[in-house]
Amino acid sequence: MAAADQPPSSEPQPQPQHGPASSQRPKHVSLWRHRDFMKLWAGDTVSVFGSELVLFALPLIAVQLLHADAFEMGVLATLESAAFLLISLPAGAGVDRLPKRLVIVYGDTIRAAILLTIPLTWAFDAVSMIQLYLVAAGVGIVSVFFDIANQSYLPELVDGESISDGNGKLQASQQTAGVAGPTLASGLVTAIGAPLTVGLTSICMGLSSILVGLIKHRETPRAAEGRAGFVAEIREGLGFVLGHPLLRRITACTGLTNFASSGIFALLVLYALTTLGLHQVELGIIMSVASAGGILGALTAAWVQKILGEGTSIAVSAPISGLCFLGVPLASVLPALPTLLISWFFVTWAVVVYNIAQVSFRQRLCPKPLLGRMNASIRFLVWGPMPLGAFLAGILGDRLGVTRTMWILAACALLGSLPVLASRLLGMRVLPRELDLLAEATDPISPSAEAEGRG
């Protein structure tokens, strides 16, 4: 569950202006008529469409061309996300000092250049696992800065009441790309091979950088004299997340689930192709159907929040995704293709419902000057466990077997939902809005004192 990677606020109150950026952003404009948001949305969609191609093709290169085993697949997945554990916190402080739009543009451009090395070396028959490791690590490092900026940019671009709507649209387009991406990727791999399929990702990310570069909105940078040191700013971001009782539980749930799911993802291609005997086209269909579940999640998230309540939707969707992860090892004893189709569909539905609610909550809650560090702290705490889970999966898969490892990881994914299931979120119809009025604040304020006293 990548928090991954996504509720309307209270009535807006008059706020002081803080430079041209505040006056440039229109209030209460439909996002369909918000030109800058539409460019961000289009760029994000193209970028994640390309990512779907590389997420499918890169493990296939390792398994089919380089005959990687379970341990090597674990190492590859570890390197893809290791940077979130190692550099998320300083990256967040850095992103808060930089124009987020430019971080997004350069991030897509650099990732495109790194991925382009795969088809180039393949053309000279020089692809190796070492190169895949270096590409995975390089793309992972750039993605830390890109993802923090990307998730922190939406509240800069739209007003508070549009954040949930914006996240819903971004999730819907991402999941739509996810439906077509794996199926197209499997067809492209069959037709032109996995290395050239990775090369097409460079084109997608290059187009994304152009679209985001066309956004006219300009952020007002924080004055240098108002900045604390790097360590102090990192502490502020962690303090905001860990000081809020609900964010603590959401972070714990997401981190534990990501630990387990990253291990499952690390071995999924090897498990599907070798243990279950599926074809790469069937794997592409499974991933596409799963993304269709994500589209349904994006379309129904607001309805689920309305019926169950904002807090309850978080507390209920987490264990649903955990239960559905059990379908992965069950595919070894039940008919593999339908079992994986059904389980992955409902996993992604529940994950998207969960992400839209919790990401919108924390974006709405956080003062804008702290957004980068808040998201970096969240990424450190919830994506940091991912390389550990992937590495552990590689070791366990090598020693216990892939199927046994899948059972262990699926059980861990279910246990990961306990922090939100056994919390005040269950039964909470409206998430606290005590900090909504800090949307334009220039100085971050710890929420712990006020939040602790609320039910």
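Atoms considered below: every heavy atom in the structure, side chains included; atoms not considered: hydrogens, waters and symmetry mates.
At least one donor-acceptor pair closer than 3.5 Å links the side chain of Ser417 to the backbone N or O of Leu414. At distances below 3.5 Å, not a single donor-acceptor pair connects side-chain atoms of Ser208 with backbone N or O atoms of Cys204. Of the possible polar contacts, one joining the Lys39 side chain to the Leu214 backbone as a donor-acceptor pair under 3.5 Å is found. At distances below 3.5 Å, not a single donor-acceptor pair connects side-chain atoms of Gln305 with backbone N or O atoms of Ala302. Listed for the Ser47 side chain is no donor-acceptor partner under 3.5 Å among the backbone atoms of Gly43.
Atom-to-atom distance recorded for Leu60:CG and Thr197:OG1 is 9.0 Å, nearest 0.5 angstrom. Of the inter-residue distances, the one linking Thr254 atom OG1 with Asn355 atom CG reads 7.0 Å to the nearest 0.5 angstrom. In this structure, CD1 on Ile215 lies 11.5 Å from CE on Met38, to the nearest 0.5 angstrom. Summarising the geometry, atom CG belonging to Leu196 is positioned 12.0 Å from atom CG belonging to Leu53; distances are rounded to the nearest 0.5 Å. Arg101 CZ to Tyr106 OH: the interatomic distance, rounded to the nearest 0.5 Å, is 9.0 Å. Atom CG of Leu116 and atom CE of Met205 lie 12.0 Å apart (nearest 0.5 Å).
Nearest heavy atom pair, residue Thr339 against residue Gly327, reads CG2-O, 3.4 Å. Of all heavy-atom pairs between Thr405 and Gly401, the closest is OG1-O, 2.8 Å. Residues Ala77 and Ala390 approach most closely at CB-CB, 3.6 Å, considering heavy atoms. Closest heavy-atom contact between Ser262 and Met386: OG-O, 2.9 Å. Across Val352 and Ala298, no two heavy atoms sit closer than the pair CG1-N, 3.4 Å. Nearest heavy atoms, Thr201 versus Gly50: OG1-O, 3.0 Å.
Considering only heavy atoms from C-beta on, Gln64 comes within 4.5 Å of Leu273 through its side chain. Contact annotation: the side chain of Leu283 never approaches that of Leu278 to less than 4.5 Å [non-hydrogen atoms, C-beta and beyond]. A heavy-atom distance below 4.5 Å is found between the side chains of Ile264 and Phe325. In this structure, the side chains of Ile61 and Trp122 stay at 4.5 Å or more apart for every pair of heavy atoms. Counting heavy atoms from C-beta outward, Leu207 and Ile203 have side chains that stay 4.5 Å or more apart. Side-chain contact check for Leu256 versus Pro419: some heavy-atom pair is nearer than 4.5 Å. Side chains of Val46 and Asp108 form no contact here, defined as non-hydrogen atoms less than 4.5 Å apart. Under the 4.5 Å side-chain criterion, counting only non-hydrogen atoms from C-beta, Phe391 is not in contact with Leu388.
In this structure Ser313 satisfies the side-chain hydrogen bond (donor to acceptor under 3.5 Å, both in side chains) test with no other residue, sequence neighbours excluded. Listed by chain and number, the residues in a side chain to side chain contact (heavy atoms under 4.5 Å, CB included) with Pro329 are Met406, Trp407, Ala410 (sequence neighbours excluded). For Pro99, the side chain to side chain contact (heavy atoms under 4.5 Å, CB included) test picks out Leu102, Glu219, with sequence neighbours left out. Residues that satisfy the side chain to side chain contact (heavy atoms under 4.5 Å, CB included) test with Thr121, not counting sequence neighbours, are Ala126, Val127, Gln131. In this structure Thr300 satisfies the side-chain hydrogen bond (donor to acceptor under 3.5 Å, both in side chains) test together with Trp349, sequence neighbours excluded. In this view, Thr275 and Tyr271, Val402, Thr403 satisfy the side chain to side chain contact (heavy atoms under 4.5 Å, CB included) rule, not counting sequence neighbours.
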Cut-off 3.5 Å, no hydrogens considered: what does the side-chain donor-acceptor table look like for residues 138-145, sequence neighbours left out?
| residue | atom | partner | partner atom | Å |
| --- | --- | --- | --- | --- |
| Ser143 | OG | Arg111 | NH1 | 3.1 |
| Ser143 | OG | Val139 | O | 2.8 |

Mind listing the side-chain donor-acceptor pairs of residues 65-73 below 3.5 Å, one per line with the distance, residues two or more places apart or on another chain?
| residue | atom | partner | partner atom | Å |
| --- | --- | --- | --- | --- |
| Asp69 | OD1 | Phe71 | N | 3.2 |
| Asp69 | OD1 | Glu72 | N | 2.8 |
| Glu72 | OE1 | Asp69 | N | 3.0 |

Item to check | Worked verdict on Asp44 versus Ile104 for side-chain contact (heavy atoms from CB on, under 4.5 Å) | outcome: CA-CA 10 Å; Asp44 186 74; Ile104 296 170; over 6 Å; no
Checklist entry - Yes or no on side-chain contact (heavy atoms from CB on, under 4.5 Å) for Ile250 and Tyr354, after CA distance, side-chain angles and deciding distance? => result CA-CA 10 Å; Ile250 290 171; Tyr354 173 90; 3.6 Å; yes
Checklist entry - For Ile192 and Leu200, what are the C-alpha separation, side-chain angles and deciding distance, and is it a side-chain contact (heavy atoms from CB on, under 4.5 Å)? => result CA-CA 11 Å; Ile192 64 175; Leu200 290 178; 4.3 Å; yes
Checklist entry - Taking it one step at a time, do Trp41 and Tyr153 satisfy ring pair (Phe, Tyr, Trp, His ring centres under 6.0 Å)? => result CA-CA 11 Å; Trp41 188 11; Tyr153 192 46; over 10 Å; no
Next on the checklist: With side-chain contact (heavy atoms from CB on, under 4.5 Å) as the criterion, how do Arg399 and Ile395 come out once you've worked through the C-alpha distance, each side chain's angles and the decisive distance to 0.1 Å?
Outcome noted: CA-CA 6 Å; Arg399 296 186 179 183; Ile395 294 175; 4.0 Å; yes
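By the neighbour-count criterion of 12 heavy atoms within 6.0 Å, atom CZ of Phe345 is densely surrounded, having more than that number from other residues, nucleotides or ligands.
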